[in-house]
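All chains are named by letter (A, B, ...) in the order of the sequence lines, taking the proteins before the strands, and each is independently numbered beginning at 1. Quick note: numbers below take in every heavy atom, side chains included, and nothing from hydrogens, waters or symmetry partners. These numbers were taken from a predicted model, which means no experiment stands behind them.
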Number of protein chains: 2
Amino acid sequence: MLTNKGKYGLKAIVHLAKLEAGETAQVADIAQKNNISKKFLDAILLDLRNAGMLRSKKGPGGGYALAKPARTIKVGAVIRALEGPIAPIGCASRSAFRACEDCGEIDSCPVRSVMTEVRDAMAGVVDNTTIADMVRRSLVKAPAEAEYVI
Amino acid sequence: MLTNKGKYGLKAIVHLAKLEAGETAQVADIAQKNNISKKFLDAILLDLRNAGMLRSKKGPGGGYALAKPARTIKVGAVIRALEGPIAPIGCASRSAFRACEDCGEIDSCPVRSVMTEVRDAMAGVVDNTTIADMVRRSLVKAPAEAEYVI
DNA sequence: AGATTAATCTATATAACCGATAGACAAATA
DNA sequence: TATTTGTCTATCGGTTATATAGATTAATCT
């Protein structure tokens, strides 16, 4: 599940990816342009900075910018930095495995088996999509029909 | 994300799928054999019954049983009945679409675009796996290597 | 140096949700 | 009618999500 934290983080990093080279954006500006609480965004950008995806500069004319090219930042990395493992259940995680306390035979657990497939399917998307891809998508309208089977 | 509710529900329904034809199992027994709180399981089985997947019989010798063949019950249906939509975010759901209040142009939202792909990947697994598949998996040990990249 | 700007840190608050429990009630069977 | 077992209502502690407030630090400009 993607929480607001993850959603805001992705929006902010896409915002930063659209800046000119060398340019920075201030938290207040990113927040206002994307309808995000400034204080909440403070904490989010700090997490992304500590994860090495952003760099920051204090003082007048300061702000945030990407620390590396957008095409090298995976969507999955952003989500994991802000929300932890993407697996639907701990025992299905490959990066942060954790057995259920209440389960017996983990090797033959059918829930774990299915959820591992789900995890791989999710990771297959988010680990093969970059922030550069997201920028590209934000510049074109989504296809009209079919997408809107609601 | 799969909560305990979903996990317990899947375990219980797999348990029921293993019964002989015509046989029923009682909540207390399912709970004990699967390490689940009986009262919590009460509510879970009720949800699954109201969703038409289980039938129940009261009184001595009563209990729960599948309402239809295990091969016709999709994992996705169980999860949706217990936890709601599978999509990681409301605006990416096909069965229960809901726009974000804070978002502007939904058609060009890159978060929604990626998350729709994630949703489809997840649904591709859970809507193509049945309870009968889970029973089958529970009878064989999981493959040893590769699976355990933890 | 002093003023200003903007990120950073610490602390707290509110609300929702998860997981579980208790107990009364209803229905079926013997 | 007594017993068994599912059904319903209500509650409740703990955790997590979602912020908000205020003080602090660092950089820049005048």
Side-chain angles (χ1 to χ4, degrees), chain A residues 1-12 16 23-32 34-51 53-67 79 81-85 88-90 98 100-103, chain B residues 1-12 15-16 23-32 34-67 79 82-85 88-90 98 100-102:
Chain A
M1 186 239 311
L2 190 76
T3 65
N4 277 349
K5 190 171 188 180
K7 182 173 79 170
Y8 294 163
L10 286 171
K11 283 191 175 193
L16 292 173
E23 203 180 351
T24 68
Q26 289 151 21
V27 178
D29 189 47
I30 304 173
Q32 183 239 314
N34 292 276
N35 270 305
I36 305 171
S37 145
K38 194 260 179 188
K39 282 288 185 181
F40 195 21
L41 190 55
D42 269 346
I44 292 167
L45 295 183
L46 203 54
D47 283 347
L48 294 179
R49 177 187 162 279
N50 291 335
M53 297 168 199
L54 306 183
R55 59 182 171 73
S56 57
K57 217 172 86 179
K58 292 186 177 182
Y64 277 96
L66 296 190
I79 296 177
L82 295 174
E83 313 200 345
I89 188 170
R98 193 174 149 76
C100 302
E101 292 165 8
D102 59 296
C103 287
Chain B
M1 186 240 309
L2 190 75
T3 65
N4 277 349
K5 189 172 187 181
K7 182 174 80 170
Y8 294 164
L10 286 171
K11 284 191 173 191
H15 182 114
L16 292 172
E23 203 180 349
T24 67
Q26 289 151 21
V27 179
D29 189 47
I30 305 174
Q32 184 240 313
N34 292 277
N35 270 306
I36 305 171
S37 143
K38 195 260 179 187
K39 283 287 186 181
F40 195 21
L41 189 56
D42 270 346
I44 292 168
L45 295 183
L46 203 54
D47 283 347
L48 295 178
R49 178 187 161 281
N50 291 336
M53 296 169 199
L54 305 183
R55 58 183 172 72
S56 58
K57 219 173 84 180
K58 290 185 178 183
Y64 277 97
L66 296 190
I79 295 177
L82 295 174
E83 311 201 346
I89 188 170
R98 191 173 152 74
C100 301
E101 291 165 9
D102 58 296

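With rounding to the nearest 0.5 Å, the separation of CG in Leu45(B) from CZ in Phe40(B) is 11.0 Å. Taking CD of Glu23(B) as the start and CG of Leu66(B) as the end, the distance is 11.5 Å to the nearest 0.5 Å. Distance check, rounded to the nearest 0.5 Å: CD1 of Ile89(B) to CG of Leu10(A) gives 9.0 Å.
Boundaries of the chain A contact region on DNA chain D are dT18(D) to dT28(D), first to last in 5' to 3' order (nucleotide atom under 4.0 Å from a heavy atom).
Screening Thr3(A), Ile44(A), Leu2(A) against Leu82(A) for a side chain to side chain contact (heavy atoms under 4.5 Å, CB included) leaves a single residue, Ile44(A).
dA20(C) atom P lies 11 Å from atom CG of Asn35(B), rounded to whole Å. Atom NZ of Lys7(B) is separated from atom C1' of dA20(C) by 15 Å (rounded to the nearest Å).
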Close N or O pairs between protein and nucleotides 15-19 of chain C (under 3.5 Å):
from, atom 1, to, atom 2, distance (Å)
dG19(C), OP1, Asn4(B), N, 3.2
dG19(C), OP2, Asn4(B), N, 3.3

Just the atom pairs and distances: protein N or O near nucleotides 25-30 of chain C's N or O, under 3.5 Å.
from, atom 1, to, atom 2, distance (Å)
dA27(C), O4', Lys58(B), NZ, 3.3

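When all heavy atoms are compared, the tightest approach of Ile30(B) to Asn34(B) is O-ND2, 2.9 Å. Residues Glu83(B) and Lys5(B) share a closest heavy-atom pair of OE2-C, 4.2 Å. The two residues Leu48(A) and Gly9(A) have their closest heavy-atom pair at CD1-O, 4.1 Å. Of all the heavy atoms in Ala65(B) and Thr24(B), the pair that sits closest is CB-CG2, 4.3 Å. In terms of heavy atoms, Ala31(B) sits closest to Ser37(B) at CB-C, 4.5 Å. When all heavy atoms of Lys7(B) and Cys100(A) are compared, the closest pair comes out as NZ-SG, 3.1 Å.
Nearest-nucleotide mapping onto DNA chain D: of Arg49(B) and Lys38(A), the residue sitting toward the 5' end is Arg49(B).
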